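The sequence lines fix the lettering, A, B, ..., with proteins before strands; numbering per chain opens at 1. Nothing here was measured: the structure is a model prediction, and the numbers come from that model.
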Amino acid sequence: MKYEYQKEPELYTPIMMRIISKRDLTSDVRFFQAVPKEEYKHLNLDYKPGQFMMLSVYGSGEAPFSISSSPTRKGIFEFAIRKTGKLTNKIFELKDGDQLGLRGPFGNGFPIEKMLGKDIIIVAGGLGAAPLRSLLLYILDNRELFGRLIYLYGARNIDDMLYKPDFTEMLQSDQLELHLTVDKGNEGYENEIEEGLVTHLFKYVSDIDPKNTIACVCGPPVMYKSVVKEILKYKLEKDKILLNLERRMKCGTGKCGHCIIDYRYTCIDGPVFTYWDVIHMRELI
Amino acid sequence: MKKKPTLGIYGFTGCAGCQLAVLDCEDILVDLFNYVDIKVFYEAMSNNEDVANVDIALVEGSINTNKQLNELKEIREKAGVLVAFGSCANFGGIQAMALGDGKWEQRFTRVYGDAKFTVAIPREAQPIHKFVKVDAFIPGCPPSTPQMLRALTQLLHGNQPTYTNSPVCLECKFRENECLLNDGKLCLGPLTMGGCTAPCPSHNTPCIGCWGIIDEANHTSELKLLKEKGFKTEDIIQRFRIFGGSKIVEKVQKLLEVE
Amino acid sequence: MMKKIVVNHLARVEGDGGIYVEIDGDKIKKLEVRIFEGPRLIEALAIGKLPEEVISFTPRICAICTVSHKNASIRAIERALKTNEDEKTYYARELMHMGEMIESHSLHIFALALPDYLGYPNVIAMVDKYADVITKALNLKKYSNKIMQILNGKFIHGENATAGGFGKFPERSELLEIKKEAEESLTFMCAATDIVGGLELPDHLEEDTVFVCCNPADKKYGFWGEELIFSDGTVLPSTKYKETLIERVVPHSFAKRSLYKGKPFSVGALARLNCIGDRLKGEAAKYFKKYKNERWLKNPLYNNLAQAIEIIYCLERIPKLVDILLKLPDPKFEKATRKKGRGVGTVEAPRGLLVHDYSFENGYVTDANIITPTAYNLDDIEKYMANSALSLNKAGKNEGEIAFELEKIARAYDPCISCATHLVKVVKK
Amino acid sequence: MRALKLSKKDEIKLYDVLKEFGEVWAPVPKGSKYVYGKIEKKEDLVIHEECILPIIPVKKFLMPPDFTMLKFTPSKYSIPEEDIPTTVVVGVPACDIHAVNILDKFYTTDYVDNYYMKRRERLIIIGKSGTPRENCFCHKSNTSIVEEGYDLFFFDLGDYYLVWVGSEKGDDIVRKGADIFSEEVPKDVSKKFVEFRRNRNKSYINDVDLEGVTDLMELMYDAPFWDEFGEKCLSCGQCTMVCPTCTCFNVIDDLALSGETGERRRYWDSCMFKDYSLVAGQHNFRESKAERLKLWYTHKLKAFIGHFGSPSCVGCGRCIETCPVDINVVTVVEKMKG
Ligand SMILES: Cc1cc2nc3c(=O)[nH]c(=O)nc-3n(C[C@H](O)[C@H](O)[C@H](O)COP(=O)(O)OP(=O)(O)OC[C@H]3O[C@@H](n4cnc5c(N)ncnc54)[C@H](O)[C@@H]3O)c2cc1C
Ligand code: SF4
Ligand code: SF4
Ligand code: SF4
């Protein structure tokens with residue numbers, strides 16, 4: 001046994017950030033921008049799209065949140081956070097200038113190297129748009145490194161759609177093929193937003209080259225099976241379908257056990273898994 | 001200076017142990033009174049407001065009279081966060097052990113004869129959530145000091161108290177006890193909400209379930225196990241009921257159906 | 001002119017109660033100590049239960065007398081089912097009882113009664129001026145809680161003590177700790193007794209009464225026995241409690257009251273000192289001699305002083321108990337030899353005589369009777385309140401002032417309202 | 001690796017030697033079982049003939065059931081200064097040392113857990129091979145012999161112990177105790193040693209058959225017996241607490257009353273509890289007890305092979321002894337084998 005310790009920053013000790021701005025995305029999802037405090041500026045906090053961080057609020061605990069910003073826009077961390085419980089209630093009370101603890105980045109993130117040059121289909125459901133925004137921005141910022149970009153996004157209703165103004169504006173863009181839908185009630189947005197489940201947007205996805213396409217999916221647990229089924233229709237290879245999953249987590253480092261699925265830890269081997277993993281590991285989706 | 005949070009500690013029917021447990025926090029008692037503006041705490045002070053407007057109301061005891069019920073409703077109206085404090089408030093306590101058996105009047109007559117009540121109409125013990133919305137609960141008979149302080153602190157700082165959703169057995173094993181069930185004793189640890197630090201099994205005495213039933217309690221399996229160990233069905237169910245209060249009523253029905 | 005005094009919530013007592021008085025000139029039209037605690041019907045619930053269950057839940061009658069209830073129920077059950085009490089078990093139970101005595105008395109003296117005499121709404125408000133006393137008093141309380149935790153498993157409602165013995169006897173190190181702290185606390189308690197002894201007590205309420213308590217064997221001071229002893233010299237077997245302390249039902253009231261020879265009587269620390277105080281030894285005896293006077297027999301406000309002296313007694317007794325316990329080996333659990341029978345357990349709770357009385361058939365309870373000290377005291381409390389109200393009224397005091405004095409009397413008795421299972425006092429308006 | 005001799009008549013002097021290195025802990029009786037307790041007198045250090053499996057295994061020294069991992073103020077989180085004493089545990093059976101080896105891997109793979117490391121560095125393990133107990137099945141889980149992970153390891157060869165030195169620290173101990181640890185090992189030692197091993201192998205009572213269980217776990221994943229176990233399971237979590245290779249924990253923040261400081265606590269959790277896989281929005285990835293049991297057995301019998309090359313059950317038999325309703329490796333394997 002060699003006694004080698006984990007180097008700085010210590011694994012479980014959050015560093016401090018400050019909130020620099022926030023705005024409401026929906027009635028229960030808020031967008032936060034935060035920067036590390038001066039004394040932590042020297043640390044390497046580089047991350048990849050699809051990775052997450054453990055955020056702590058003073059005295060109220062800690063939980064995992066996907067990074068919603070893109071590493072191409074350095075220095076600022078962005079999160080889209082839904083108010084659902086103890087910690088997130090407290091996060092919602094934070095004001096500009098308030099402090100937030102941060103550990104990470106954790107998780108494997110999207111395998112960007114393997115995605116270079118490929119056509120990318122992104123399928124987001126609900127809050128899944130948070131981690132996928134990081135990927136989206138990354139691709140847009142490095143547009144020439146990727147092929148086609150198809151983005152399908154479904155929310156429960158108009159009010160629940162994250163980044164709605166950004167998306168409706170992007171509809172005009174020639175950088176990507178964007179399709180939006182809500183489960184029900186698209187009044188007032190009939191031209192921009194469809195009605196129906198996100199799977200229903202696949203009707204716009206055609207001329208896919210299965211060899212050269214990678215699909216990235218993130219959404220609520222119930223969404224994966226049906227979306228994967230649609231994607232499989234394009235004969236994509238199993239390891240080219242990437243799923244960003246969620247599990248309970250307390251540490252982010254494969255030690256607390258909660259996120260284990262079979263022999264793999266969502267926080268280390270995930271949260272991005274391939275459809276191949278799904279076939280080989282039970283309980284994944 | 002920031003405004004002190006206001007607190008009201010109310011007691012209905014019970015042993016007053018939960019309130020006493022607050023007074024038993026000798027180490028921080030002075031801090032508590034300094035940090036919090038206590039508006040009502042009959043057991044400890046005399047300058048009380050009757051029912052006060054408070055940020056947090058801790059309500060101890062079950063509801064056993066109509067007078068109490070009215071007061072509870074008033075407390076609810078005037079409280080920001082209403083907390084069911086201790087086993088009696090949470091599920092009725094021991095006075096609710098026979099809840100639902102339909103023999104309350106009979107018991108009442110046995111103790112009080114045929115005299116009539118006028119000032120307060122007595123009723124069978126019920127936990128407070130049967131009448132008003134409860135925002136948080138602190139289990140325990142009475143709540144243990146660390147657990148209570150943790151919950152109180154969380155509430156005072158605007159958090160929901162974390163509630164222990166693990167059975168007594170967890171802490172029983174932290175304290176490295178041999179399992180009493182395996183020793184043939186009628187221990188209710190697996191059915192009982194943790195947080196007490198398992199004092200009873202740590203003293204070789206079986207858990208009697210005073211913290212209340214945990215969500216996932218598997219009464220069916222425990223009943224079967226205890227029967228195998230030689231206990232009688234009625235005795236086992238009786239034991240389930242003693243601290244089962246309102247939480248056991250339906251379960252007993254099911255257990256009896258299976259039997 | 002008619003005066004009405006209503007104290008809606010009796011403060012700094014255990015449980016939910018109030019006082020209602022109507023004075024018309026020199027007559028009390030109505031005087032009631034009201035108990036709002038709903039009925040719990042504990043005795044009815046005891047029927048059909050097993051002995052260990054009764055021992056678990058009857059102490060839940062009251063948090064502050066939990067150990068007394070435990071010891072009373074254990075004694076009753078062991079007598080009913082003929083379980084032998086091993087020597088070590090006996091002394092461990094006594095030690096546990098001391099924990100409760102000190103806890104209850106110190107809470108009462110320092111946190112509930114003293115603020116009355118020094119003019120504060122609660123004990124914490126006294127901290128600025130009496131920091132030293134309060135800190136030490138809180139330490140004493142903490143210490144007594146620790147005794148109960150070690151002996152019974154928890155401060156409140158522990159499960160370690162039961163019929164037949166203890167689940168686990170305390171460790172040597174724990175016992176030594178208990179002993180050490182008793183010795184350390186004694187000096188403080190003697191000084192504190194002088195504070196309590198120095199308080200001026202009003203005499204306007206005084207009237208003779210009868211006191212009763214358990215009569216410990218061998219002419220010793222102590223908190224239980226098989227006999228009752230009265231301040232008039234009578235000694236009776238405690239199983240005769242029912243015939244001697246006659247229960248009666250007051251019209252429009254569910255408080256079963258008790259009378260001794262047709263008169264109200266008092267139980268509690270003052271009763272114990274009045275009946276058997278001359279058996280005290282050591283410092284406790286010194287303080288008893290120093291402060292005992294004629295007025296003790298007619299003024300319940302001396303109860304606090306009596307409690308202080310009892311704490312001294314306990315602190316002196318504890319080291320001796322520890323020494324005995326350290327010498328004795330852990331006994332085996334004693335099994336009951338019968339399934340049928342009746343047993344009465346009488347102990348002295350901090351507030352006075354507590355009776356548990358059970359009958360068994362086939363190992364299950366068939367009859368239960370529990371009488372708590374507050375139930376015994378209620379008639380005397382009302383008697384003294386009436387005296388006080390009349391004389392204060394005569395002296396021209398207003399309602400608020402009278403109410404305060406009446407509350408003081410109630411608090412002197414340290415009534416334990418949740419304890420009083422019999423006590424559902426109903427008042428017709 | 002070196003082997004020395006400790007004569008039984010010198011056994012009583014062992015405590016004084018070990019004391020020089022730190023606190024000495026060894027199995028002490030508690031009820032009808034044992035727990036690792038701190039030894040204060042040399043007479044209390046007893047080396048037992050049979051394997052002693054204290055209720056909670058060595059993991060309690062490496063990751064306490066409940067401890068403060070961080071202190072915090074509104075503007076800083078920091079690791080509390082703590083003085084972790086060096087601990088010498090005596091009498092650890094081979095299976096439990098295997099478990100420590102697994103923990104070593106677990107806590108250092110991908111990320112190093114410094115809390116573990118700090119304690120691991122201060123733990124001295126003195127192993128002891130004894131007669132197997134009723135439930136032991138380390139002969140089936142390949143954990144009856146241990147090659148690494150201990151500092152010293154004792155074999156009882158009659159009137160002396162054969163002592164293997166497994167680490168530098170172990171070497172320091174035998175040097176310090178030069179007057180009781182002798183280099184002069186009797187000539188017939190190998191004969192005696194082989195005999196000891198042979199006798200030990202013969203004395204196993206539990207003959208659970210672990211052949212192929214890894215694959216069976218996969219094949220039997222949807223078998224109905226899991227639901228039967230699920231119905232029986234009390235979700236008391238005892239199996240996970242006593243298992244030497246269970247490591248899950250929970251984290252919780254506690255504030256001081258004033259709200260000015262606080263601490264983050266870390267305490268053992270169990271995958272048998274309902275909240276284990278519960279996430280926001282009340283979605284529970286393992287709603288039923290059967291699903292949770294499957295997770296545990298997957299983890300014990302199969303999953304670890306994928307990660308670390310060996311399963312994480314070390315055959316100590318604690319789950320067999322502890323589970324009140326007889327759900328354990330033996331009964332599960334029996335069901336799988338039909
Ligand atoms: C990899 C990953 C990325 C995530 N990204 C986001 C995001 O970008 N935006 C967002 O709003 N939410 C995200 N979540 C979910 C987020 O972690 C939960 O909403 C959050 O834990 C709820 O905490 P709470 O204290 O407010 O809720 P409570 O229900 O009070 O939760 C209490 C505790 O349960 C655990 N817990 C509850 N839900 C989850 C969960 N879904 N995942 C993990 N642990 C949980 C946490 O440990 C938490 O401390 C993500 C989760 C994971 C695993
Ligand atoms: S003794 Fe009781 S509380 Fe402890 S593990 Fe066994 S069943 Fe659970
Ligand atoms: S009876 Fe059970 S729940 Fe109550 S304190 Fe004892 S162990 Fe805890
Ligand atoms: S699964 Fe059972 S036998 Fe295997 S290591 Fe864990 S407790 Fe021991």
Side-chain angles (χ1 to χ4, degrees), chain B residues 2 5 25 27-32 34-36 146 149-159 162-184 187 189-192 194 197 202 204 214-222 224-226 228-229, chain D residues 28-37 54-57 60 64-66 229-243 246 250-260 262-263 265 267-270 272-276 278 287-289 292 318 321-327:
Chain B
K2 223 173 88 186
C25 303
D27 290 338
I28 56 98
L29 201 57
V30 175
D31 286 350
L32 179 68
N34 286 335
Y35 180 70
V36 187
L149 283 182
R150 181 171 305 136
L152 203 54
T153 314
Q154 283 166 332
L155 286 164
L156 291 172
H157 296 284
N159 284 317
T162 345
Y163 101 99
T164 318
N165 209 3
S166 49
V168 172
C169 304
L170 180 75
E171 288 153 307
C172 183
K173 283 281 122 11
F174 284 8
R175 296 181 69 171
E176 303 185 62
N177 300 317
E178 182 179 355
C179 181
L180 295 170
L181 280 175
N182 294 337
D183 195 25
C187 186
L191 310 176
T192 307
T197 66
S202 302
N204 295 319
I214 189 164
D215 284 356
E216 256 218 328
N218 191 344
H219 284 86
T220 320
S221 175
E222 174 125 356
K224 194 158 161 270
L225 173 72
L226 291 168
E228 281 163 22
K229 306 238 175 233
Chain D
V28 294
K30 182 169 182 183
S32 67
K33 298 262 166 76
Y34 285 88
V35 296
Y36 283 118
I55 295 176
I56 302 291
K60 81 167 180 185
D66 191 340
F229 281 131
E231 269 167 37
K232 258 173 104 174
C233 176
L234 296 168
S235 299
C236 68
Q238 289 196 72
C239 48
T240 56
M241 296 299 117
V242 302
C243 180
C246 269
N250 230 327
V251 177
I252 191 177
D253 279 2
D254 279 344
L255 277 177
L257 189 64
S258 66
E260 280 151 23
E263 55 182 50
R265 272 169 49 230
Y267 59 97
W268 293 355
D269 195 5
S270 168
M272 297 297 158
F273 299 156
K274 190 176 181 180
D275 289 2
Y276 186 78
L278 185 75
E287 180 75 43
S288 76
K289 294 182 207 262
R292 284 175 254 152
R318 282 187 177 86
E321 209 159 312
T322 308
C323 177
V325 290
D326 285 335
I327 306 174

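The contact between B:Asn177 and chain D is made by backbone and side chain atoms together, counting heavy-atom distances below 4.5 Å. In this structure, chain D has heavy atoms under 4.5 Å from both the backbone and the side chain of B:Leu32. Both the backbone and the side chain of D:Leu257 come within less than 4.5 Å of a heavy atom of chain B. Contacts of B:Leu156 with chain D are made by side-chain atoms alone, with heavy-atom separations under 4.5 Å and no backbone atom involved. In this structure, chain B has no heavy atom under 4.5 Å from any part of D:Asn250. Heavy atoms closer than 4.5 Å to chain B are found nowhere in D:Thr240, neither backbone nor side chain.
Chosen from D:Met272, D:Lys289, D:Glu231, the residue pairing most often with chain B at heavy-atom distances under 4.5 Å is D:Lys289. Counting heavy-atom pairs closer than 4.5 Å to chain B, the top-ranked of the candidates D:Gln238, D:Lys232, D:Lys33 is D:Gln238. Counting heavy-atom pairs under 4.5 Å between each of B:Asp215, B:Leu149, B:Ile28, B:Leu170 and chain D puts B:Leu170 at the top. When the candidates B:Leu225, B:Asp183, B:Leu181 are compared by the number of heavy-atom contacts under 4.5 Å with chain D, B:Leu225 comes out ahead. Of the residues considered (D:Ser235, D:Gly31, D:Ser258, D:Gly237), D:Ser258 shows the highest number of contacts with chain B, using heavy-atom pairs under 4.5 Å.
Between B:Gln154 and D:Asp253 the shortest heavy-atom distance is NE2-O, 3.8 Å. Closest of all the heavy-atom pairs between B:Thr153 and D:Ala256 is CG2-O, 3.3 Å. Between B:Asn218 and D:Gly230, the shortest heavy-atom distance links the atoms ND2-O, 4.3 Å. Nearest heavy atom pair, residue D:Tyr36 against residue B:Glu176, reads N-OE1, 4.2 Å. Contact detail for D:Lys30 and B:Glu178: the closest heavy-atom pair is O-OE1, 4.1 Å. For D:Pro324 against B:Asn182, the heavy-atom pair with the smallest separation is CA-OD1, 3.4 Å.
Contact annotation: the side chain of B:Asn165 never approaches that of D:Leu278 to less than 4.5 Å [non-hydrogen atoms, C-beta and beyond]. At a threshold of 4.5 Å between non-hydrogen side-chain atoms, the residues D:Val242 and B:Lys173 count as touching. Counting heavy atoms from C-beta outward, B:Glu216 and D:Phe273 have side chains that stay 4.5 Å or more apart.
The local environment of NZ in B:Lys224 is sparse, with at most 12 non-hydrogen atoms from other residues, nucleotides or ligands closer than 6.0 Å.
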